[in-house]
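Every chain is numbered from 1 and lettered A, B, ... according to where its sequence line falls, protein lines coming before strand lines.
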Number of protein chains: 2
Amino acid sequence: MAQFKEIRRGGYLPDLIARQVMDQISAGELQPGDLLPTETALADLFGVSRNVVREAIARLRSDGVINTKQGRGAVVNPPSARATFRVDMAALTSKDNLADLFELRGLLEIDAAGIAAQRRSPSDLEALTTALDHMRARPSFDEQLIEADAEFHRCLATATGNSYLATIVDYLSSRLKETTRATRDVYGQGDLLDVTITEHERVLEAVATQDQKAARQAMALHIDGATRRLGVVTGEK
Amino acid sequence: MAQFKEIRRGGYLPDLIARQVMDQISAGELQPGDLLPTETALADLFGVSRNVVREAIARLRSDGVINTKQGRGAVVNPPSARATFRVDMAALTSKDNLADLFELRGLLEIDAAGIAAQRRSPSDLEALTTALDHMRARPSFDEQLIEADAEFHRCLATATGNSYLATIVDYLSSRLKETTRATRDVYGQGDLLDVTITEHERVLEAVATQDQKAARQAMALHIDGATRRLGVVTGEK
DNA sequence: TATTGCCCGATTGTTGGACAATCGAGTTTT
DNA sequence: AAAACTCGATTGTCCAACAATCGGGCAATA
């Protein structure tokens, strides 16, 4: 079956404008403190309506790149005022970048395991055990096991009590969920199920006994095993 | 059924609308796959113009929360498609949240120190020593010392070789720079300068000798000292 | 019957113009 | 000299269209 490429017909005009202005800023042509051209000037420049320019400007403002004031104009913010940290998934095509992201998630999960062991409440422990039970109930490495796995890690992250840590770990895990699926497909269904469950059991045990060091160690083993199984070589550039 | 509150005039209208819709989504009232009300309907609901609604919608789309299609409408994306992880600085007013963010930065910096000790190149080491020299050259805890301090931490983050880790550590540090300034103002200029420099020297020494464990320990001590000096109580909720 | 082509309403994308609110600087008044 | 005022410029909001696209229904046809 022939595969047709989806034509990128120009895309959204505000996207293009926002990218153009953003390029100007990151290239240093527009330095912090400088005023952007007025909306009407930009509209004339690009040959579009002012509303289109406005949406582009609004986007940059919501990203914290610029700051607009009625009657004044739009000024470029210093980098320290950038209000958002954005993980650009378009940059994930490279293997290097994926390895970096994988490593970052591993570090955070290990830390999260250690903290969760210290602070976990009884209800956290209960949620973790039910998630692990769901994993045990699966006869094979199917889609629902991946879901239960994700649930286990999510519970662990929330058990830290740190909302930021939980959010970013959860986010990274969800973004890297495809990798576990890839692991299953590449590695086959052999003893992968047992190994995975055993690794999680070790983590749960350490969290249950509130042993921080053991929790970190168990999670490190799990992450290490996962990366090794995936064949993602981290730490070697 | 999704229920939106009447908005109060006063802030950015698109901001308020975007927040309302976002709340509805995160509360589960609008589940992935659901269609949002049409733009005209939302405009009528909130009593604003369609342009305002459009800016709000554009914002949510650029955040990856929804996906709009001409002729169809706007559908809520599954969480896995969320392309951005956003740190909302507006939520930092609470002391709890600030403590959480501080803890997250600490964890990442400790990990970064350990990895940097393993992987640092000679040029990384050189950059770190010059940054520390700049700190030593300051006669008091002035603005340029804060800059040199930030430079030291930035060099350490880049020395890890992990671009994602470096980016997020750098971002969090820049966002928390005001806290070090606050520390200086509250704590006074006494022996703070010497203590700070000594802590950094320990980190540099461990990185120079490629001693991972010592680097982690030194950074942990530095972070712990900084939090204690700031009076931010972490880990106790 | 099943498929194809077409029409039509609905919805977003874009345009253009208009007015309100606010800011900054120059000007006037005290 | 300081305060108040005027005024042009710029962003914020509103309104009314038209264009582009989608999805479903409907009829024509093999």
Side-chain angles (χ1 to χ4, degrees), chain A residues 1 4-22 24-25 30 33-77 81 83, chain B residues 2 4-22 24-25 30 32-77 81:
Chain A
M1 179 65 83
F4 295 105
K5 206 168 74 172
E6 193 174 348
I7 26 177
R8 227 53 203 145
R9 262 240 301 193
Y12 294 104
L13 267 55
D15 278 12
L16 303 177
I17 308 256
R19 205 165 307 166
Q20 292 260 351
V21 177
M22 191 60 180
Q24 292 276 329
I25 292 175
L30 283 170
D34 287 356
L35 271 82
L36 265 67
T38 68
E39 293 181 351
T40 55
L42 283 174
D44 285 348
L45 248 171
F46 289 108
V48 297
S49 168
R50 190 164 85 98
N51 292 29
V52 175
V53 174
R54 276 192 61 73
E55 279 196 16
I57 297 290
R59 170 116 139 246
L60 295 177
R61 182 184 51 220
S62 104
D63 283 358
V65 177
I66 62 176
N67 200 333
T68 61
K69 251 188 203 156
Q70 207 168 204
R72 179 81 203 288
V75 298
V76 179
N77 277 336
Chain B
F4 296 101
K5 269 200 307 200
E6 184 69 32
I7 60 171
R8 58 179 171 89
R9 303 296 180 108
Y12 268 141
L13 267 53
D15 276 12
L16 303 177
I17 307 233
R19 205 165 306 167
Q20 289 261 350
V21 177
M22 190 60 179
Q24 291 282 331
I25 291 176
L30 283 170
D34 287 356
L35 272 80
L36 266 66
T38 68
E39 294 181 351
T40 54
L42 283 175
D44 285 347
L45 255 172
F46 289 111
V48 297
S49 168
R50 193 163 83 99
N51 295 50
V52 176
V53 174
R54 277 192 62 74
E55 279 195 18
I57 297 289
R59 170 114 137 250
L60 295 178
R61 182 183 53 218
S62 106
D63 283 359
V65 177
I66 63 175
N67 199 334
T68 61
K69 253 187 199 159
Q70 208 168 214
R72 178 81 201 285
V75 298
V76 180
N77 277 335

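Interatomic distance, OG1 of Thr40(A) versus CG of Leu45(A), reported as 10.0 Å (0.5 Å rounding).
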What pairs of nitrogen or oxygen atoms, one from the protein and one from nucleotides 9-11 of chain D, lie under 3.5 Å apart?
from	atom 1	to	atom 2	distance (Å)
dT10(D)	O2	Gly71(A)	N	3.1
dT11(D)	OP2	Glu39(A)	N	3.1
dT11(D)	O2	Gln70(A)	OE1	3.2

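Between the P atom of dT15(C) and the CD atom of Glu55(A) lies a distance of 11 Å, rounded to the nearest Å. Taking atom CG of Leu42(A) as the reference point, atom C1' of dT15(C) lies 17 Å away to the nearest angstrom. Atom P of nucleotide dA16(D) and atom CG of Asn51(A) are separated by 15 Å, given to the nearest angstrom. dC22(D) atom P lies 15 Å from atom CG of Leu35(B), rounded to whole Å.
Sorted by first and then second residue, the salt bridge (Lys or Arg N to Asp or Glu O under 4.0 Å) pairs involving residues 66-76 of chain A (not counting sequence neighbours) form an empty list.
The salt bridge (Lys or Arg N to Asp or Glu O under 4.0 Å) check on Arg61(B) picks up nothing, with sequence neighbours excluded. Residues satisfying the side chain to side chain donor-acceptor pair (under 3.5 Å) test with Ser49(A), not counting sequence neighbours, are none. Remark: Asp44(B) pairs with no residue by the side-chain contact (heavy atoms from CB on, under 4.5 Å) rule, at least two apart or across chains. For Arg50(A), the side chain to side chain donor-acceptor pair (under 3.5 Å) partners two or more places apart in sequence, or in a different chain, are Glu39(A).
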